[in-house]
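FYI, the numbering just counts along the sequence from 1.
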Amino acid sequence: MVELTIAEACKVYGGSHIDDKIMLIDDLSLVPLPLVPRRTNCVILGLCLKGKAQYSVDTKKYEVRPGDAIIVNDGQVMDNYMVSPDLAGVGYFVSVDFFNEVVKGVRDLSAIYLFSRTHPVFHLTEKESEAFQTYFHLIQEKVEQESHHFRTDVVRSLFTTLIYDLSESIYRLQQEQNINVPHGTRAEILFTNFLTLVEKHFREERRVSWYAEQLGISPKYLSEMVKQASRRTPNEWIDNYVVLELRLLLKNSSLTVKEISKKMKFPNQSFLGKYFKEHVGVSPRRYRIGQDGSKK
């Protein structure tokens, strides 16, 4: 199955963008979404302002109306995209890496992730909708300032604030609907519990067997359930948290690689270096100073 990527979307739509990290859609009616099944290799976030649209995510049909926010997670299959002639709205295509960097510090990520999986379309209040549009215009302005030395960092910060506001909207909806415990399939509930554990213990524990033991199930069953709910393996989720933490420590702290290795409970500095290069493609030192060897 052909994947839906930011690079492809940029070729078709040509919206304001930063490399393959993030692309902005200021005319939702022209968004390059598929009429045939395509698996997303990015996160899609949008807001309908006028008209309506419908599409399928993982074979389930959804309809979007004014005031509705939409979230399509990476790895989901989109299909049957249709819009009304008067559709208007704004949105983002965000790479998985960029999105993960943004949500790294967001508390209770597992609850937010599961909510977006089970409620990919949810309605915002008028005030929340206005805030979404304000963030969009601010981010668009910064994305288009290509000469701005800190453009990517400013966009990342603004997008992080948008995610916090959307998370608050999600908590509001959960309270209104009395969603105080995980709802959904057995796989979704186990995934939520697993991710909650990972958020608390990834710095010192990276064994899938340990997480399975805490949940009272076998590693094989945990792997099956997590993959069914999120289309990723437990190891991929654990590695994602660890790598993002390492990136943050390398870029935003004065700790030496040896000190980071100790903090993250790696056997030694060499082991951390091999782990980081395997997942990021460069050594911790090269990542810290920039792949071209210059300070950033």
Problem - Whether Ser84 side chain and Gly51 backbone form a donor-acceptor pair below 3.5 Å - result: no
Practice task
Taking the side chain as every heavy atom from C-beta outward, state whether Lys52 and Leu87 have any pair of such atoms under 4.5 Å apart.
Solution key: no
Problem - Verify same cluster id: Val96, Ile238 (apolar side-chain graph, 4.5 Å) - result: no
Practice task
Look at the aromatic rings of Phe191 and Trp237 and report parallel, tilted or perpendicular, splitting at 30° and 60°.
Solution key: tilted
Problem - Other residues, nucleotides, ligands: >12 heavy atoms within 6.0 Å of Arg172 CZ - result: yes
Handout entry: Check ion pair Asp79-Lys60 (N to O, under 4.0 angstrom)
Key = no
Practice task
Specify whether Tyr241 and Phe202 have parallel, tilted or perpendicular ring planes, treating 30° as the upper limit for parallel and 60° as the lower limit for perpendicular.
Solution key: tilted
Problem - Among Tyr211, Phe194, Trp210, ring-ring contact (aromatic ring centres under 6.0 Å, His included) partner for His201 - result: Trp210
Handout entry: Side chain proximity check, Leu215 to Leu197, heavy atoms < 4.5 angstrom
Key = yes
Handout entry: More than 12 heavy atoms of other groups within 6.0 Å of Glu204 CD
Key = yes
Exercise for the section: Check step by step if side-chain hydrogen bond (donor to acceptor under 3.5 Å, both in side chains) holds for Asp27 and Ser29. Expected result: CA-CA 5 Å; Asp27 186 348; Ser29 66; 2.5 Å; yes
Practice task
Specify whether Tyr81 and Tyr55 have parallel, tilted or perpendicular ring planes, treating 30° as the upper limit for parallel and 60° as the lower limit for perpendicular.
Solution key: tilted
Practice task
Give a yes or no on whether a salt bridge exists between Arg65 and Glu63, defined as a side-chain N under 4.0 angstrom from a carboxylate O.
Solution key: yes
Handout entry: Rounded distance [0.5 Å steps], CG in Leu24 versus CZ in Phe159
Key = 8.5 Å
Problem - Aromatic plane relationship, His148 with Phe150 - under 30° parallel, 30 to 60° tilted, over 60° perpendicular - result: perpendicular
Problem - Asn41 CG to Ile6 CD1 distance, which is reported to the nearest 0.5 Å - result: 8.5 Å
Problem - 4.5 Å side-chain heavy-atom contact, Leu47 and Leu124 - result: yes
Handout entry: Side-chain ion pair, Glu245 and Arg247, N-O less than 4.0 Å
Key = no
